[in-house]
Amino acid sequence: MKVFAGTANKPLAEKIVKKLGIELSPLEIHIFPDGEKRVRVLERVVNEDCIVVQPTSPSPDVNYMELFFIVDALKRSGAKSITVIVPYFGYQRQDHQFREGEAVSVKVISEILEKVGINKLIALDLHSIKIEEAFNIPVVHLSALSIFAKFIKEKGWDKDSATLVSPDMGGIRRIKILSEMLGNMPYAVIEKNRDLATGKVTADKIQGKIGKRAIIIDDMISTGATIVTAANLLKKNEAKEIIVFATHAVLSDKAPKILEASEVESVYVTDTIFVPENKQFSKLEILSVSEMIATSLSS
Ligand code: R5P
């Protein structure tokens, strides 16, 4: 097996290969003055099973193009199979037409990936289980929920003191799975609305009872609006301590600032997306998914 890394999250790829007891295989990625990239495989891959690690945030278009070129270069160099690990799979939220006239972007991406020649996709915490259906090749869908469950247990946050909270109706499945992992920890769901034209998030209703410690679980934090809106509502509903777990730290715009200034005590994310120093803040802690990915590759 040979593992290659695109430029989006090399630190994660390095952790994965360390756990596998191998080295990253070299790639040359040259950027021309006009922004175009030239990708070249620098190692013999004939008849090898090749793995490429490349999440797509930030700059989804740039990272996807780089991934397509890496896959093409491996194919042309004689790779036997190509598995792409896209820990954060960009465009996954555009999985159907929300309004007439919209593109189904995730379908476009899946078709290109298959066309360039991938044999298998490994992704983490996809926004909906329907995304797997956009592919005709095997998709391994891993989840950081077990990492969160272990962490919550180690902290001693039990079902007598804590309630799991989904910040929207779309997260119910996720929260039910985690509740089961935590011995049926109670859960509540916030009724969130997002204006599709402006993106503005509002929420004024919670289904379920909130204990003194509220643990919000989400698949991703982008602008931070969902988390901050949920936290404000939970505070109004007597939550004393608000903790957040989200798999993907997209952290666009002013998310780090508004999360740091929010009612939230701590924000736990994973390293599916590389979080540069200028996006880190004191309430943030990053848990690694490298072990989970390495285990999936060696099984
Ligand atoms: C929405 O359905 C997702 O699960 C996330 O809650 C959402 O994408 C987070 O985005 P933002 O941080 O911009 O509110």
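Counting starts at 1 for both ligands and their atoms, following the listed order.
Sorted by chain and number, the heavy-atom contacts of ligand 1 below 4.0 Å come from Arg93, His127, Asp168, Lys192, Arg194, Asp218, Asp219, Met220, Ile221, Ser222, Thr223, Gly224, Ala225, Thr226.
Side chains of Asp158 and Ser161: a donor on one and an acceptor on the other come within 3.5 Å. A side-chain donor from one of Lys192 and Thr226 sits under 3.5 Å from a side-chain acceptor of the other. For Asp219 and Thr247, the side-chain atoms include no donor-acceptor pair closer than 3.5 Å.
To the nearest 0.5 Å, the span separating OG1 on Thr7 from CG on Leu67 amounts to 10.5 Å.
In this structure, Glu114 contributes its side chain and Asn136 its backbone to a donor-acceptor pair below 3.5 Å.
Applying the ring pair (Phe, Tyr, Trp, His ring centres under 6.0 Å) test to His141 and every residue at least two apart in sequence or in another chain returns nothing.
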